[in-house]
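Worksheet: one structure, shown below.
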Amino acid sequence: MIPDCYISPAQAYPCYSEWQNYRTKTTKDKDYEIVSLALPSNINNRPSSQETYQQVQTGHLGKVAPICLQYADSKDKVKNSENQQTVKSIEQKQAKISTLEQANRNIHAQYDSTLLEKIAGQPREQSINQVAAEKAKENLEKNNSQISTLKNEISNLKSGLVSKPESVSFLTFIKDENKFSEVEKGYKQASFWYPSIQLGFQSLFLMPLILIAFSVHNFAQCRRYGLISLISWHLLIIFFIPLILKIFEFLQIGVIFQFLFDIISAIFGGLLFLISYIYILLIPLVGFGIIKFFQQFVFNAKLQAAKRVQNSCCVKCAKRIRQQDNYCPHCGYYQYMECENCHELTYKHLPYCKHCGDFQDSSNL
């Protein structure tokens, strides 16, 4: 497949997806989550968000939307060592909470077991648990107190982070309805035109190759170079396939296939692996169909002969000749055959006699 020359809508509007996700979230900590995304684990060795957005422009046509560069600039201002340390502290405290909660689950299991042993009157020295019921209860209360303290500390750290001037500026930017509307409108417009742009570049690259292959094929047919004619014919098909795929994409044929795929997924459920085999079966069938189409309608000898006769051209090499010429002066091909019905001379490769209208069998020519 030919590489994309023009940047995609997602590359032209790299902030759209992240921005859209923030707007659709309903969680209480969504402000902290969007701010923490701007703080990777190692900010010293990473390019800025603005530089990352602009890297896609290298070697491609098209520009990143200015509104997304503004978004990246506002996001980059949140990146500093102090804020990064705050996020690390929050992550460490959350890890401690997870450890304590796991310890509580283990204690609960032992606590329930020791209670049953106590009710049954089993001596303590015969218990399979290392912690007595009273001790387990004490540990649970201690752990729960630590978890509560850690959660309060995390809440304070999150509130402090999102209340920083740079965070407030970033959150104010992404909460601006007008700015998001501009991004959404631009993204949808880019998505609409992208298939057309891709089709244009694909055509610009492939059409010269198609014309060259077509010219070589015609030349080889006229000169009766069978091998060259066969090779150029297959090259012509190969050059046409990616162009046809882009045309399907341009016509939104992929949406239809996606709809059919969703229906098949709903019907077969766990048998989705069958879809891969269906694709493997369809690819050669589509290629064969394309070849048959060109053989039937583009390179059909009868259709070509009819057009050449109308234009006073040789039925073999397609070069112009005079109507009284029985032989082509360019390739030496004899233009006529005897009608089996009226025995008058009529054109080769045409289905009916020009004198009596009787059907002509040209399969033996």
Side-chain angles (χ1 to χ4, degrees), residues 1-27 30 33-35 37-38 40 47-76 170-207 210 239-266 272 275-276 278-279 282-283 286 290:
M1 186 63 67
I2 298 170
D4 293 336
C5 299
Y6 200 88
I7 61 175
S8 67
Q11 293 171 325
Y13 292 87
C15 62
Y16 175 73
S17 177
E18 190 175 288
W19 206 335
Q20 173 70 6
N21 289 338
Y22 170 79
R23 289 174 57 83
T24 55
K25 275 187 178 179
T26 56
T27 56
K30 74 174 190 176
E33 290 168 0
I34 191 71
V35 170
L37 284 176
S48 66
S49 298
Q50 202 170 50
E51 290 173 343
T52 303
Y53 286 177
Q54 290 175 323
Q55 282 176 356
V56 299
Q57 297 177 165
T58 306
H60 295 83
L61 298 175
K63 297 289 184 182
V64 176
I67 186 70
C68 281
L69 294 179
Q70 295 174 23
Y71 174 94
D73 181 59
S74 181
K75 185 178 178 179
D76 287 334
F170 177 53
L171 292 171
T172 301
F173 183 90
I174 62 177
K175 289 178 181 179
D176 191 320
E177 293 289 338
N178 294 329
K179 286 184 171 61
F180 179 76
S181 297
E182 180 183 344
V183 170
E184 188 172 41
K185 181 181 178 182
Y187 179 82
K188 289 181 177 179
Q189 187 175 10
S191 299
F192 177 81
W193 286 109
Y194 185 65
S196 303
I197 294 172
Q198 286 294 92
L199 178 61
F201 280 110
Q202 197 91 345
S203 302
L204 189 65
F205 180 83
L206 288 173
M207 286 309 295
I210 291 172
F239 294 150
F240 257 111
I241 288 175
L243 186 60
I244 291 171
L245 292 177
K246 280 298 177 183
I247 292 173
F248 281 174
E249 183 180 339
F250 173 74
L251 296 175
Q252 300 299 311
I253 301 296
V255 176
I256 299 174
F257 280 109
Q258 183 63 41
F259 176 72
L260 294 175
F261 177 79
D262 292 340
I263 293 176
I264 294 172
S265 301
L272 292 180
I275 304 298
S276 300
I278 293 174
Y279 283 154
L282 285 177
I283 289 172
V286 171
I290 293 171

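When reading the values below, keep in mind they use all heavy atoms of this one structure, side chains included, and skip hydrogens, waters and symmetry mates. Computed from a predicted model, the values in this text were never measured in an experiment.
Counting all heavy atoms, side chain and backbone alike, I210 lies closest to F239 at CG1-CB, 3.7 Å. Here the closest non-hydrogen pair linking T52 and P47 is OG1-CG, 3.7 Å. The minimum heavy-atom distance linking V56 with V64 is given by the pair CG2-CG2, 3.9 Å. Across every non-hydrogen atom of K25 and E33, the tightest pair is NZ-OE1, 2.8 Å.
Within the model, atoms CZ of R23 and NZ of K30 stand 8.0 Å from one another, a figure rounded to the nearest 0.5 Å. The CG atom of L171 sits 8.5 Å away from atom CD1 of I34, with the distance rounded to the nearest 0.5 Å. Remark: Q189 CD to Y194 OH distance equals 16.0 Å, nearest 0.5 Å. One finds the NZ atom of K185 at 11.5 Å from the NZ atom of K188 (value rounded to the nearest 0.5 Å). Separation of atoms SG (C68) and NZ (K179) is listed at 12.5 Å; rounding is to 0.5 Å.
Here the side chains of C15 and Y53 are in contact, with some heavy-atom distance below 4.5 Å. Side-chain contact between W19 and V183 is present, with at least one heavy-atom pair separated by less than 4.5 Å. You'll find the side chain of L61 reaches within 4.5 Å of the side chain of F201, heavy atoms only.
Listed by first and then second residue, the side-chain hydrogen bond (donor to acceptor under 3.5 Å, both in side chains) pairs involving residues 63-75 are E18-Y71, E18-K75 (not counting sequence neighbours).
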Could you please spell out the steps behind the side chain to side chain contact (heavy atoms under 4.5 Å, CB included) verdict for I67 and F173? CA-CA 10 Å; I67 186 70; F173 183 90; 4.1 Å; yes

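The neighbour count for Q20 CD, taken as heavy atoms of other residues, nucleotides or ligands under 6.0 Å away, is above 12.
Residues passing the ring-ring contact (aromatic ring centres under 6.0 Å, His included) test with Y22, sequence neighbours excluded: none. Take Y16 and apply the ring-ring contact (aromatic ring centres under 6.0 Å, His included) test, not counting sequence neighbours, and it matches Y187.
Not less than 6.0 angstrom separates the ring centroid of Y6 from the ring centroid of W193.
Q50 contributes a side-chain N or O that, together with a main-chain N or O of L69, makes up a donor-acceptor pair within less than 3.5 Å. In terms of modelled atom types and a separation under 3.5 Å, the side chain of D76 and the main chain of S48 share no donor-acceptor contact.
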